[in-house]
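Taking it in order: structure first as structure tokens, then the write-up.
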Amino acid sequence: MLRLYRGCRLLTPKRQPAADVVLMIVDVVTDETLTRVADVEMASTNPHMRIVLIADIVDEKYVVQLVAHGVVSILCRRHVGARDIIRAVENSNSGRADLPDTMVRALIERVRSMHQDHDADSRLGLTMREIHVVRLLADGHSTAEIASNLNYSERTIKNILRNMMARLGLRNRAHVVAHAMRHGVLTDGHRVS
């Protein structure tokens, strides 16, 4: 279908990292989908690369992570045709998004929540996502449990911990928890339910 469209040049899988727009089609968005999207983003050599995701089922809990990894358009497969897909690819390439209203609302609520927490915790040297991970780690949760609780993949949680430890000069997970304790992240006044 895209080969017939004059405004589109398809790249071979080997050239995917240079793509302006990557089109992904899945049945159901899962943790594996998030990992695949993150892998596409990390492999990209194009700083302006965008992802158009077509799926039958997308739980709103995945929307923030999808957008964070370069997804700018999400289309419901059973409601789109060739013209809709081409329009989404064109729009994505020119910086516009195509998201269902329910997903836009989910993003707005997430941004509001992040803004409310930002002022209290930005001075600690930890992002809010890192703080959520550390709190669950301090409560004794495994990487898999933290991933499930925060709706991330296990790989993402491991990357968050590894990057945080490298950036802050922390040696291990216990040192991460100790750092958080010293900065008051684990006190009752900072608890996240």
Side-chain angles (χ1 to χ4, degrees), residues 16-17 22 24 26 28-51 53 55 58-72 74 97 99 103-193:
Q16 177 184 316
V22 174
M24 297 181 74
V26 299
V28 178
V29 173
T30 64
D31 289 341
E32 182 181 330
T33 308
L34 287 177
T35 300
R36 285 177 45 207
V37 168
D39 289 345
V40 166
E41 179 195 35
M42 289 177 69
S44 177
T45 59
N46 180 347
H48 304 290
M49 183 271 305
R50 305 286 190 259
I51 298 171
L53 178 67
V58 182
D59 190 313
E60 288 180 18
K61 70 181 181 181
Y62 291 113
V63 174
V64 173
Q65 292 99 329
L66 289 169
V67 170
H69 289 297
V71 173
V72 296
I74 301 173
L99 296 168
M103 293 182 190
V104 171
R105 280 193 300 276
L107 285 170
I108 289 169
E109 290 305 317
R110 179 70 174 146
V111 169
R112 281 185 185 147
S113 172
M114 290 167 52
H115 179 71
Q116 291 169 350
D117 293 336
H118 180 267
D119 291 337
D121 295 312
S122 62
R123 69 186 182 279
L124 305 176
L126 300 173
T127 66
M128 282 310 301
R129 182 165 74 163
E130 290 169 339
I131 289 169
H132 292 296
V133 169
V134 170
R135 287 176 178 158
L136 291 169
L137 184 66
D139 286 338
H141 294 284
S142 69
T143 302
E145 292 168 334
I146 295 170
S148 175
N149 188 296
L150 297 177
N151 297 315
Y152 290 119
S153 68
E154 285 186 59
R155 181 177 180 183
T156 298
I157 298 302
K158 290 175 184 177
N159 287 338
I160 289 168
L161 288 167
R162 184 177 60 246
N163 293 338
M164 180 180 17
M165 287 188 285
R167 188 181 74 248
L168 298 173
L170 305 172
R171 292 183 303 276
N172 53 43
R173 292 173 179 216
H175 198 187
V176 168
V177 172
H179 177 81
M181 287 178 69
R182 279 194 299 277
H183 287 90
V185 174
L186 303 179
T187 62
D188 288 340
H190 287 82
R191 296 300 276 183
V192 171
S193 52

- Any side-chain heavy-atom pair of V29 and M24 under 4.5 Å: no
- CE/M164 to CZ/R173 distance, rounded to the nearest 0.5 angstrom? 9.5 Å
- Message: Tell me the closest heavy-atom pair linking V72 and A97, and the distance in Å.
- Response: O-CB, 3.1 Å
- Query: Hey, is the main chain of D31 close enough, under 3.5 Å, to the side chain of S153 for a donor-acceptor pair?
  - Reply: no
- Distance, nearest 0.5 Å, that separates CG of N163 from NZ of K158: 14.0 Å
- Roughly how far, to the nearest 0.5 Å, is the NE2 atom of H179 from the CZ atom of R171? 12.5 Å
- Query: With S44, which residues qualify under side-chain hydrogen bond (donor to acceptor under 3.5 Å, both in side chains), at least two apart?
  - Reply: none
- Query: Is the backbone of H141 close enough, under 3.5 Å, to the side chain of D139 for a donor and an acceptor to pair up by distance?
  - Reply: no
- How about T156 and L34: do any of their side-chain heavy atoms sit closer than 4.5 Å? no
- Item | Candidates I160, L161, V176, L168 - the one meeting side-chain contact (heavy atoms from CB on, under 4.5 Å) with E130 | I160
- Query: Step by step, would you call R36 with V26 a side-chain contact (heavy atoms from CB on, under 4.5 Å)?
  - Reply: CA-CA 11 Å; R36 285 177 45 207; V26 299; 3.8 Å; yes
- Taking every heavy atom of I146 against every heavy atom of V133, the minimum-distance pair comes out as CD1-O, 4.0 Å
- Item | Heavy-atom pair with the smallest gap, counting every atom of E41 and G70 | OE2-N, 4.4 Å
- Message: I'd like to know whether V67 forms a side-chain contact (heavy atoms from CB on, under 4.5 Å) with M103, so could you lay out the CA-CA distance, the side-chain angles of the two residues, the decisive distance to 0.1 Å, and finally the verdict.
- Response: CA-CA 10 Å; V67 170; M103 293 182 190; over 6 Å; no
- Item | side-chain contact (heavy atoms from CB on, under 4.5 Å) assessment of L136 paired with E145 | CA-CA 9 Å; L136 291 169; E145 292 168 334; over 6 Å; no
- V58 and L66, any side-chain heavy atoms less than 4.5 Å apart: yes
- V177 versus V134, closest heavy-atom pair with distance: CA-CG1, 4.4 Å
- Message: Quick check: do V64 and R129 have side-chain heavy atoms less than 4.5 Å from each other?
- Response: no
- Side chain Q65, main chain N151, donor-acceptor under 3.5 Å: yes
- Item | Listed partners of S148 passing side chain to side chain contact (heavy atoms under 4.5 Å, CB included), at least two apart | none
- Query: Is there a side-chain contact between H69 and I51, using heavy atoms and a 4.5 Å cut-off?
  - Reply: no
- CD1-CG distance between I157 and L137, expressed to the nearest 0.5 angstrom: 10.0 Å
